[in-house]
Amino acid sequence: MSCASSERRIALVDVNNFYASCETVFNPKLAGRPLVVLSNNDGCVVSRSAEAKALGIKMAQPWHLIRKQAEAEGCIAYSSNYTLYADMSSRVMAILADMAPEHEVYSIDESFLDLTGVRQPREHGLAIRQRVRQWTGLTVCVGIGSTKTRAKLANHVAKKHPEHAGAFDLEELPAAEQEAWLQRIPVDEVWGIGPRLRERLQAMGVRTALDLQQCDPKAIRQQFNVVVERVVEELRGTPCLDLELLAPPKQQIMCSRSFGRAIVDVAELREAVISYVSRAAEKLRQQQSVARVLHVFAHTNPFKPEQPQYNASLNIKLPLACDDTLMLSRYAGAAAEHIYRPGYAFKKAGTMLMELEPKATRQITLFEDTDQLERRARLNSVLDRANVRFGRGTLAVAGAGTDRSWRMNRGMLSPPYTTSLDHLPRVGGASLNQRIT
DNA sequence: TCTGGGGTCCTAGGACCC
DNA sequence: TCTGGGGTCCTAGGACCC
């Protein structure tokens, strides 16, 4: 007995040009203009409006190399405003959660929805699109398929072919039409096929998504590995990847940054590393884990090969797994001093917390001072609450420095429109805040 | 002056053991 | 002359994703 409605249907919903679109929502004058959002330190292009794409601006291009030309063509650049994007993301995700029984938040702007059993999946996709647009001002595309990989492909079609109105269901088509679409899609547009695999596949004559789908999975496993084999199976409609409804806890937590200017002083390197490990510890406590290993690294600017280069890192096994900012800061500071070498211009440093385990089942050691641990836990919780309520960095360990002139550059940052009363958009000349006060 | 940050999974190969 | 073999664990590095 075949019952169409019981077949697995996965939708991939993603926001078009997410960061650039967030900026436009709050500054409508930007609509229709070429606009890019830059990575930290205003380094690379990480999001582009349709008009910026039309100018030929590519993802990940260093801004300083294309700035002159782009600005001459009327392109506007913004520094990335993650506070704003994270808030907009949670609004979109709340809508999606409401429109499907189960969904997986896959990234800041993408979500997989389970539409199995929905009678007209594509119509539902259009409804999702309509609601997100109305409630947030953002535009999403919806791709529907029997596996995650096919949903991704369908999403690609929805984005590239406006005649589908932003929602495309691969499975509602007859087999011949499905194949025709797959044949139009280059193999490296398939989820999981990057530049290296594309090269190897092309050498074998596998150029399109259809070519890859028609490969023998077992042969692919022989020549590549189990990951590529799963891609082929998913393309053929055999699910290998399930929806992950609950995000599993991270296995490692990293915080690293490039500096706004090079650091030559050990005291500054120490400050930077301590401020990064503080942030990492905050994330660690958020997921209620403790870390057993701390990794600290720093390096010079690889893009300046004429300058002396130095790459250093240190792994520290902690005496007990912990989530304590003060303790982690002490070790991170010592590590920074240990890897520091005079005579080098450091451009980037970072910390990683590894070998994480749930705090609840942490192994207790024989000699630990329980009272001290409890006092520290209370201190960290005050730290976290203050920083949530009054903004990141309100309370910090002194070792993280107060001047921080090495901090990243964000010269073109938009206001935190949605998360600060002071920056609510103004209507009729007066902000809500002014009326309140 | 100016080139991001944060993750995951898999594999190969070495160390070590019996 | 002739120099095992299999298992496990760990780590580094590759490849991918957004």
Side-chain angles (χ1 to χ4, degrees), chain A residues 12 14-19 36-48 58-68 70-71 77-82 85-86 89 104-112 148-149 152 155 187-201 221-231 234 240-241 244 247-262 276 279-280 283-284 287 293 295 297 299-305 307 311 313 315 317 345 347-356 406-412:
Chain A
L12 175 66
D14 78 339
V15 183
N16 298 357
N17 318 326
F18 181 52
Y19 298 169
V36 297
V37 175
L38 305 177
S39 62
N40 279 337
N41 255 322
D42 296 339
C44 299
V45 172
V46 291
S47 180
R48 307 155 295 159
K58 301 271 179 282
M59 198 68 172
Q61 272 185 312
W63 178 236
H64 74 272
L65 293 179
I66 58 165
R67 175 175 186 169
K68 259 195 164 162
E71 286 182 341
Y78 273 89
S79 307
S80 23
N81 186 344
Y82 287 108
Y85 310 149
S89 173
E104 169 190 342
V105 176
Y106 177 67
S107 76
I108 192 162
D109 74 327
E110 281 174 273
S111 184
F112 287 104
K148 283 179 156 183
T149 304
K152 274 261 186 189
N155 182 278
V187 73
D188 58 330
E189 292 290 347
V190 175
W191 193 33
I193 306 299
R196 299 297 173 126
L197 288 169
R198 177 198 57 204
E199 236 167 86
R200 289 176 61 191
L201 287 164
R221 183 177 193 147
Q222 292 285 312
Q223 288 179 66
F224 297 89
N225 55 45
V226 59
V227 181
V228 188
E229 181 194 18
R230 286 206 279 257
V231 172
E234 282 251 321
C240 303
L241 306 168
E244 285 181 24
K250 304 266 183 254
Q251 298 173 38
Q252 42 182 261
I253 289 174
M254 176 146 68
C255 181
S256 71
R257 296 277 183 283
S258 299
F259 308 128
R261 59 165 170 83
Y276 301 157
R279 175 68 188 125
K283 297 188 208 171
L284 185 68
Q287 72 163 29
V293 171
H295 179 83
F297 68 90
H299 60 75
T300 49
N301 189 345
F303 295 103
K304 291 188 173 173
Q307 295 186 352
N311 251 307
S313 69
N315 253 333
K317 183 118 195 173
K347 185 57 185 167
K348 181 174 177 174
T351 63
M352 210 179 335
L353 301 175
M354 303 187 302
E355 294 190 24
L356 309 188
W406 40 264
R407 269 192 314 192
M408 61 187 180
N409 303 315
R410 293 203 290 175
M412 301 154 280

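Numbers restart at 1 for each chain; the letters A, B, ... are given by sequence-line order, proteins then strands. Just so it is clear, the model here is predicted, and its values are computed rather than measured.
A:I193 comes within 4.0 angstrom of the backbone, heavy atoms only, and of no base. Among the protein residues, A:L65 comes within range of no part of the nucleic acid, since none of its heavy atoms lies under 4.0 Å from any strand. In this structure, A:N41 reaches neither bases nor backbone, as no heavy-atom distance under 4.0 Å exists between it and the strands shown. A:W191 comes within 4.0 angstrom of sugar-phosphate atoms only, judged by non-hydrogen atoms across all strands, and of no base. Nucleic acid contact class of A:P195 (heavy atoms, under 4.0 Å, all strands): sugar-phosphate only. Counting non-hydrogen atoms under 4.0 angstrom, A:Q61 reaches nothing in the nucleic acid.
At a cut-off of 3.5 Å, with distance as the only test, no side-chain donor of A:N311 or A:S313 sits close to an acceptor on the other residue.
B:dC16 and C:dG4: their C1' atoms are spaced 16 Å apart (whole Å).
We find that NZ of A:K250 is positioned 9 Å from C1' of B:dT8, with the value rounded to whole Å. Rounded to whole angstrom, the span from the CZ atom of A:R279 across to the P atom of B:dG7 amounts to 10 Å. The CG-P distance, from A:N409 to B:dG5, rounds to 12 Å in whole Å. The CG atom of A:N40 sits 12 Å away from the P atom of B:dT3 (whole-angstrom rounding). The distance between atom CE of A:M408 and atom P of B:dT3, rounded to the nearest whole Å, is 13 Å. In this structure, the CG atom of A:L284 is 15 Å from the C1' atom of B:dG6, given to the nearest Å. As a whole-Å value, the separation of A:L197 CG from B:dC9 P is 18 Å. Atom C1' of nucleotide B:dT1 and atom CG of A:D42 are separated by 12 Å, given to the nearest angstrom.
Checking the phosphate oxygens (OP1, OP2) of B:dC10, a side-chain nitrogen or oxygen of A:R230 falls inside 4.0 Å. At the phosphate of B:dG5, OP1 or OP2 sits under 4.0 Å from a side-chain N or O atom of A:S258. The side chain of A:R257 places an N or O atom within less than 4.0 Å of a non-bridging phosphate oxygen (OP1 or OP2) of B:dG6. For B:dT1, the OP1/OP2 oxygens have no side-chain nitrogen or oxygen of A:K347 closer than 4.0 Å. Residue A:K152 places none of its side-chain N or O atoms closer than 4.0 Å to OP1 or OP2 of C:dC17. In this model, the phosphate group of B:dG5 is approached by a side-chain N or O of A:K348 to a distance below 4.0 Å at OP1 or OP2. In this model, the phosphate group of B:dG4 is not approached by any side-chain N or O of A:S80 to a distance below 4.0 Å at OP1 or OP2.
Here B:dG4 is the nucleotide among C:dA15, B:dT11, B:dG4 with the atom lying nearest to any side-chain atom of A:V46. Nearest nucleotide to the side chain of A:E110, out of C:dC16, C:dC18, B:dC10: C:dC18. Comparing C:dC16, B:dT3, B:dG6 against the side chain of A:P62 picks out B:dT3 as the nearest. Taking every side-chain heavy atom of A:Y106 into account, C:dC17 is the closest of B:dC9, B:dG5, C:dC17. Checking B:dC10, C:dC18, B:dT3 against every side-chain atom of A:N225, the shortest atom distance belongs to B:dC10.
Listed for the A:S89 side chain is a donor-acceptor partner under 3.5 Å among the backbone atoms of A:I108. Side-chain N or O atoms of A:K348 include none that pairs as donor or acceptor with a backbone N or O of A:F297 at under 3.5 Å. Although no hydrogens or angles enter the test, the distance criterion places no donor-acceptor pair under 3.5 Å between the side chain of A:N41 and the main chain of A:G43.
Comparing A:M254 and A:F259 against DNA chain B, the residue whose closest nucleotide sits nearer the 5' end is A:F259. For the pair A:K283 and A:V226, nearest-nucleotide mapping onto DNA chain B gives the more 5' position to A:K283.
Electrostatic pairing of A:K148 and A:E244 does not count as a salt bridge here, judged by no charged N lying under 4.0 Å from a carboxylate O.
Judged as a salt bridge (Lys or Arg N to Asp or Glu O under 4.0 Å), and not counting sequence neighbours, the contacts of A:R198 are A:D188.
Taking 4.5 Å as the limit, every side-chain heavy atom of A:W191 sits out of range of all side-chain heavy atoms of A:V231. A heavy-atom distance below 4.5 Å is found between the side chains of A:L201 and A:F224.
Checking each of A:E189, A:E234, A:E110 against A:K152 for a side-chain hydrogen bond (donor to acceptor under 3.5 Å, both in side chains) leaves exactly one that passes, namely A:E110.
With a 3.5 Å limit on both pairing distances and Watson-Crick or G-U wobble geometry required, the stems of 3 or more pairs in DNA chain C span B:5-18 with C:5-18.
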